[in-house]
Amino acid sequence: GAPQTPIPLWHAMAGALGDDLQALVESFNISQAKYLVQPVYKGTYPQVLTATIAAWRAGKAPAIAQVFDVGTADMLAAGRAVVDVYELAKTTGVDINPADYIPAVRGYYSLNDGKMGAAPFNSSTATMWINEDVFEKAGLDPKTTPLATWDDVIKAARAIKAKGAAPIPVMTSWPTWVHFEQFAAIHNVEYATLNDGFGGPKPTLKLDTAPFEKNLGTLLAMQKEGLFKYEGRDGAPSPIFYSGKAGITFDSSSIYGQLKKSATFKFNDTYLPYHPSIIKSPINSIIGGAAFWAMTAPGRTTSDYTGVAEFFRYISRPRNDAGWAKATGYVAVTTAGNERIEKQGFYAANPGTDIAVKQLTRSQPTKYSRGIRLGGMPEIRVIIEEEWERAIANNTPAKTALARAQHRSQAVIDRFARSIHG
Ligand SMILES: O=P(O)(O)OC[C@H](O)CO
């Protein structure tokens with residue numbers, strides 16, 4: 001037959017997630033004869049983003065790039081580099097319907113006028129993960145030990161430490177995603193003015209405020225007491241929990257697939273803990289993970305873009321969307337995908353897999369729990385991580401770390417605002 005059109009796809013899915021993505025791509029490739037999607041692992045999320053931007057400047061951007069949550073504002077501002085999904089649908093005639101996606105996902109990846117920029121794919125949220133074997137060793141019943149509030153978590157951590165049940169009572173992956181961005185959402189705390197950045201070009205960060213001080217202060221105090229161990233930036237710490245060395249971690253719902261594949265201990269997840277002094281009853285968390293962006297390049301043809309659009313439509317079909325979510329721990333991004341999982345009885349048969357969706361939908365999103373839309377956000381995450389690390393190393397209070405993080409991060413936002421508005 002005719003030669004297939006290659007569609008390069010750059011991604012950040014390692015380990016079990018990489019295998020699952022490979023399988024999904026292969027099923028698309030054999031479902032039709034025209035296009036051959038070619039997945040390439042390009043490293044971590046920030047590495048994929050950097051590589052994609054560099055490649056675009058060199059006229060060699062992949063047809064599809066997987067960009068993480070916090071790269072969204074930068075991508076939406078990238079102008080000629082990307083083809084927004086609504087435009088892709090229009091020019092190729094491939095029907096990609098925004099109404100198919102659950103509101104939290106659609107809202108996150110839309111422009112201000114509601115038109116979709118990216119194709120939703122791997123949406124997660126952050127949850128609290130429990131090593132049940134460690135709990136049992138510490139004399140804690142993993143099914144009944146209260147873990148709703150931070151005081152509850154501290155109590156459990158003290159028991160784990162006292163019994164020497166694990167070298168690390170509590171740790172975290174994604175320090176800033178979980179303990180700043182998701183923390184702010186579930187406590188209905190403002191992260192930045194102008195509706196967390198959705199409402200205008202030059203928001204002011206709110207990192208140097210009492211709620212953030214309370215939360216970072218709690219973590220720094222736990223660190224001093226030997227209850228919490230800061231283990232590194234972004235997703236790098238995750239394998240420490242996989243290896244069984246920690247009693248509790250905070251991580252993406254999407255570590256489910258990896259744990260199912262490789263963990264030698266019983267595990268489960270539950271809701272993120274909250275501070276009753278900040279909110280009586282925590283609200284919805286926000287989506288994380290990543291989405292697929294259609295990239296431009298010199299010489300890219302309508303046929304190439306049609307292949308991209310066909311792939312986007314394929315992954316949104318209820319069967320494929322649900323299959324990916326069940327294997328990985330990501331949430332199904334379409335309404336039909338979610339209904340399919342529910343109907344199959346998957347959540348009931350696999351306790352804990354329902355927590356992400358429940359936490360994402362437990363309230364109506366407010367202006368502080370819909371997402372954070374700030375330019376330069378990947379850089380801001382690194383700044384906050386640096387200041388957190390400095391506070392641990394120098395034994396300085398949360399207030400100092402937050403003042404520094406606020407000052408340095410605001411400069412990033414102001415620079416971004418100048419770059420797009422002159
Ligand atoms: O591990 P993921 O894919 O759920 O992503 C976690 C964070 O949202 C990445 O920024």
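When reading the values below, keep in mind they use all heavy atoms of this one structure, side chains included, and skip hydrogens, waters and symmetry mates. Both ligands and their constituent atoms are indexed starting at 1 by order of listing. Bear in mind that the values here come from a model prediction, so they are computed numbers and not experimental data.
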Ligand-residue contact atoms, ligand 1 with F68, heavy atoms, under 4.0 Å: 10 (O)

Residues that Y191 engages under ring pair (Phe, Tyr, Trp, His ring centres under 6.0 Å), provided they are two or more places apart: F212

For atom 2 (P) of ligand 1, closest protein heavy-atom neighbour: Y330 OH, 3.5 Å

K367, NZ: over 12 other non-hydrogen atoms inside 6.0 angstrom: no

From CA spacing to verdict: side-chain contact (heavy atoms from CB on, under 4.5 Å), V25, F311: CA-CA 9 Å; V25 165; F311 179 67; 4.0 Å; yes

Could you list the donor-acceptor pairs under 3.5 angstrom formed by side chains in residues 63-74, with sequence neighbours left out?
| from | atom 1 | to | atom 2 | distance (Å) |
| --- | --- | --- | --- | --- |
| Q66 | OE1 | A12 | N | 2.8 |
| Q66 | NE2 | N122 | OD1 | 3.2 |
| D69 | OD2 | W177 | NE1 | 3.4 |
| T72 | OG1 | D69 | O | 2.6 |
| D74 | OD1 | G376 | N | 2.9 |

Shortest protein contact, atom 10 (O) of ligand 1 (heavy atom only): D69 OD1, 2.5 Å

The single option from E385, E379, E386 passing salt bridge (charged side-chain N to carboxylate O under 4.0 Å, His left out) against R408: E386

Test of proximity, A290 against ligand 1: N or O pairs below 3.5 Å: no

Per-atom contacts, ligand 1 versus S124 - under 4.0 Å to a heavy atom: 2 (P), 4 (O)

Minimum-distance protein heavy atom relative to atom 1 (O) of ligand 1: S252 CB, 3.4 Å

N320 side chain vs Y314 backbone, donor-acceptor pair below 3.5 Å: yes

Proximity flag S254 to ligand 1, non-hydrogen atoms under 4.0 Å: yes

Ligand 1 contact on R381 by region, counting heavy-atom pairs under 4.0 Å: side chain

Enumerated ligand 1 atoms positioned under 4.0 Å from heavy atoms of G288: 8 (O)

